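This is a predicted model, so every value here is computed, not measured.
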Amino acid sequence: MINYFSQDIEDEKKRIHLEKYLIHTIDITLTNFHQKSINEFVILRVGNQLLNELVFNPSQPSNHLGLINLKSCLGSTQVVALFLKITFLSPKLKYSLRQRLAHLFNYYESTSIKESRWLIQLLENCLLGFAIAQEKAIVI
């Protein structure tokens, strides 16, 4: 699963950074599921936990610093590619991602543009990425 998320990152240092981050997050999530086969519930659980760690956890509003660090390390385009890959695991995760991005937007709504420029860039890339993914889905 880790390979699926990191295979497109050409810079080895960035790929290793992402893989370590994902291994830690997925290991914590899957501790209770080692003996069970992968089903939709496990996929949703892992996907939601990744989104909690990567984007925004509404129960811990200040826990979005991981996203800032990930964006500074990988760049907006690679982060959005990661988001898309997570949502490709299950269509239900797309709604979860939208909700988390909306919470993050609300959190930064009252800040200055200078403080939230990183979020604006990320949201712009999300719009482009999801539009392209949607167009490809319609064509296929």
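- Within a 6.0 Å radius of CD in Gln7, other residues, nucleotides and ligands contribute more than 12 heavy atoms.
- Atom CG of residue Asp11 and atom CD of residue Gln78 lie 9.5 Å apart, to the nearest 0.5 angstrom.
- Side-chain heavy atoms closer than 4.5 Å link hydrophobic residues (I, L, V, M, F, W, Y) into clusters, and following such links, even through other members, never connects Ile16 to Leu54.
- Of all heavy-atom pairs between Phe105 and Leu119, the closest is CA-CD2, 4.1 Å.
- Of the possible donor and acceptor atoms, one in the side chain of Arg100 sits under 3.5 Å from a partner among the backbone N and O of Ser96.
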Q: Let me see the working for Arg45 and Val42 under side-chain contact (heavy atoms from CB on, under 4.5 Å), right down to the final yes or no.
A: CA-CA 5 Å; Arg45 175 85 171 122; Val42 173; 5.5 Å; no

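- The stretch residues 12-22 participates, sequence neighbours left out, in no salt bridge (charged side-chain N to carboxylate O under 4.0 Å, His left out) pair at all.
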Could you go through residues 86-93 and list every donor-acceptor pair under 3.5 Å that involves a side-chain atom there, pairing it with any protein atom two or more places apart or in another chain?
residue : atom : partner : partner atom : Å
Thr87   : OG1  : Phe83   : O            : 3.4
Thr87   : OG1  : Leu84   : O            : 2.8
Ser90   : OG   : Lys92   : N            : 3.4
Lys92   : NZ   : Glu40   : OE2          : 3.0

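- With rounding to the nearest 0.5 Å, the separation of CG in Leu127 from CD1 in Ile132 is 11.0 Å.
- Residues Val55 and Leu97 approach most closely at CG2-CD1, 3.7 Å, considering heavy atoms.
- Clustering of Ile, Leu, Val, Met, Phe, Trp and Tyr by side-chain heavy atoms under 4.5 Å joins Ile120 with Ile113.
- The OG atom of Ser72 sits 8.5 Å away from atom CD1 of Ile68, with the distance rounded to the nearest 0.5 Å.
- Once rounded to the nearest 0.5 Å, the distance linking CG of Leu70 with OG of Ser76 reads 10.0 Å.
- In terms of the salt bridge (charged side-chain N to carboxylate O under 4.0 Å, His left out) criterion, Lys71 has no residue partners (sequence neighbours excluded).
- What you find for Leu18 and Phe5 is that their closest heavy atoms are CD2-O, 4.0 Å.
- Tyr95 is linked by a side-chain contact (heavy atoms from CB on, under 4.5 Å) to Gln99, counting only residues two or more places apart in sequence or in another chain.
- For residues 112-127, no pair satisfies salt bridge (charged side-chain N to carboxylate O under 4.0 Å, His left out), with sequence neighbours left out.
- Atom CG of Leu128 sits about 9.0 Å away from atom OG1 of Thr77, to the nearest 0.5 Å.
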